[in-house]
K.L.:
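Okay, handing you the structure first.
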Amino acid sequence: MTRPHPGARLWLVRHAAPQVAPGTCYGALDVPADPAATQAAAWRLAAALPSAPGVFCSTLQRCEHLGQALCAERPDLMLIPDARLREMDFGAWEGRAWNTLAKSDIDAWTADFAHHAPGGGEPLSHMLGRVARALHAARQWSADHAGADVVWITHAGVVRCVAWLHQHGEGAMPRSEDWPVAAPGWGEWEVRDLA
């Protein structure tokens, strides 16, 4: 296993507010984010980041646009798309209002939270696996670049996966009542030890 450089950090940046009706399920749905909020987030992030971090983003446009705006402000940065940083895929639930989904379908998901595929999409266990692989790659990237920080421009679900993995490791599978709910606000971030 690659050991990150002591002091290397992971910046977990959440995209700006999406342009979607409130109460809509939109995990893998490729909705845009508010352009003005995206630019404002890019300005704040550009000022906060250290020199020469690796910048990786989800391949959904609400993250890509923030990454592009950030790199326009900081020409020393290069944006690297990474599909492992995408939000959970809710399958047939995507684009539907949460309050229109059958209670029995929601109950089936919460009863087997880690392994049930909501809407026939992606089980949380699969998402945790891809985020864990992305974390390994981030540690390797940092080690290969003299301990540089790594920035992920991503989604609340990915940030929660990182929190779970840091606290419980890769083998543990959550129940719905154990799942972290905290995540940065729109266009905000949190910084974690990359280890």
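Here, residue 1 is the first one in the sequence, and each next residue gets the next number.
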K.L.:
Taking side chain as C-beta onward, heavy atoms only, is D82 less than 4.5 Å from L85?
P.N.:
yes
K.L.:
Which distance, rounded to the nearest 0.5 Å, do you find between the CG of L12 and the CD1 of I153?
P.N.:
11.0 Å
K.L.:
Can you see whether R86 engages T59 through a side-chain donor-acceptor pair at a distance of less than 3.5 angstrom?
P.N.:
yes
K.L.:
Between H65 and Q39, does any side-chain donor sit less than 3.5 Å from a side-chain acceptor?
P.N.:
no
K.L.:
Would you say H15 and C57 make side-chain contact, with heavy atoms under 4.5 Å?
P.N.:
no
K.L.:
I'd like to know if the side chain of R62 reaches the main chain of A17, judged simply by a donor and an acceptor atom lying under 3.5 Å from each other, with no hydrogens or angles considered.
P.N.:
no
K.L.:
Tell me whether E188 at atom CD has more than 12 heavy atoms from other residues, nucleotides or ligands lying less than 6.0 Å away.
P.N.:
yes
K.L.:
Could you label the plane-to-plane angle of the W11 and W189 rings as parallel, tilted or perpendicular, counting under 30° as parallel and over 60° as perpendicular?
P.N.:
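Judged by the thresholds at 30° and 60°, the geometry between W11 and W189 is tilted.
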K.L.:
Mark yes or no for whether S142, through its side chain, and D149, through its backbone, hold a donor-acceptor pair below 3.5 Å.
P.N.:
no
K.L.:
In Å, rounded to the nearest 0.5 Å, how long is the span from CG of D178 to CE of M173?
P.N.:
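Taking CG in D178 and CE in M173, the distance rounds to 12.5 Å.
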K.L.:
Assess the residue pair H155 and S58 against the criterion (side-chain hydrogen bond (donor to acceptor under 3.5 Å, both in side chains)); give the C-alpha distance rounded to whole Å, side-chain angles, the decisive distance to 0.1 Å, and a yes or no.
P.N.:
CA-CA 8 Å; H155 310 269; S58 160; 2.8 Å; yes
K.L.:
Check whether any side-chain heavy atom of W152 lies under 4.5 Å from a side-chain heavy atom of V13, and answer yes or no.
P.N.:
no
K.L.:
May I ask you to establish whether R14 and W186 are in a cation-pi arrangement, using a distance under 6.0 Å from NZ or CZ to the six-membered ring centre and at most 45° from the ring axis?
P.N.:
yes
K.L.:
Relative to each other, are the rings of W98 and F90 parallel, tilted or perpendicular (30° and 60° limits)?
P.N.:
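Rings of W98 and F90: perpendicular, as their planes differ by over 60°.
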K.L.:
Verify, without hydrogens or angle tests, whether R74 (side chain) and L49 (backbone) share a donor-acceptor contact under 3.5 angstrom.
P.N.:
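Yes, R74 side chain to L49 backbone: donor-acceptor pair under 3.5 Å.
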K.L.:
Within the side chain of R84, is there an N or O that forms a donor-acceptor pair under 3.5 Å with the backbone of R130?
P.N.:
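Side chain of R84 to backbone of R130, a donor-acceptor pair under 3.5 Å: no, none is there.
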K.L.:
Go through the steps to decide whether Q140 and H145 satisfy the test side-chain hydrogen bond (donor to acceptor under 3.5 Å, both in side chains), and finish with yes or no.
P.N.:
CA-CA 9 Å; Q140 183 64 57; H145 292 83; over 6 Å; no
K.L.:
Are any non-hydrogen side-chain atoms of F56 and V151 less than 4.5 angstrom apart?
P.N.:
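Not touching, per the 4.5 Å side-chain cut-off.
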K.L.:
Strictly distance-based, threshold 3.5 Å: is any side-chain N or O of E64 a donor or acceptor partner for the main-chain N or O of P81?
P.N.:
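No, the answer is negative, given that no donor and acceptor are paired below the 3.5 Å cut-off.
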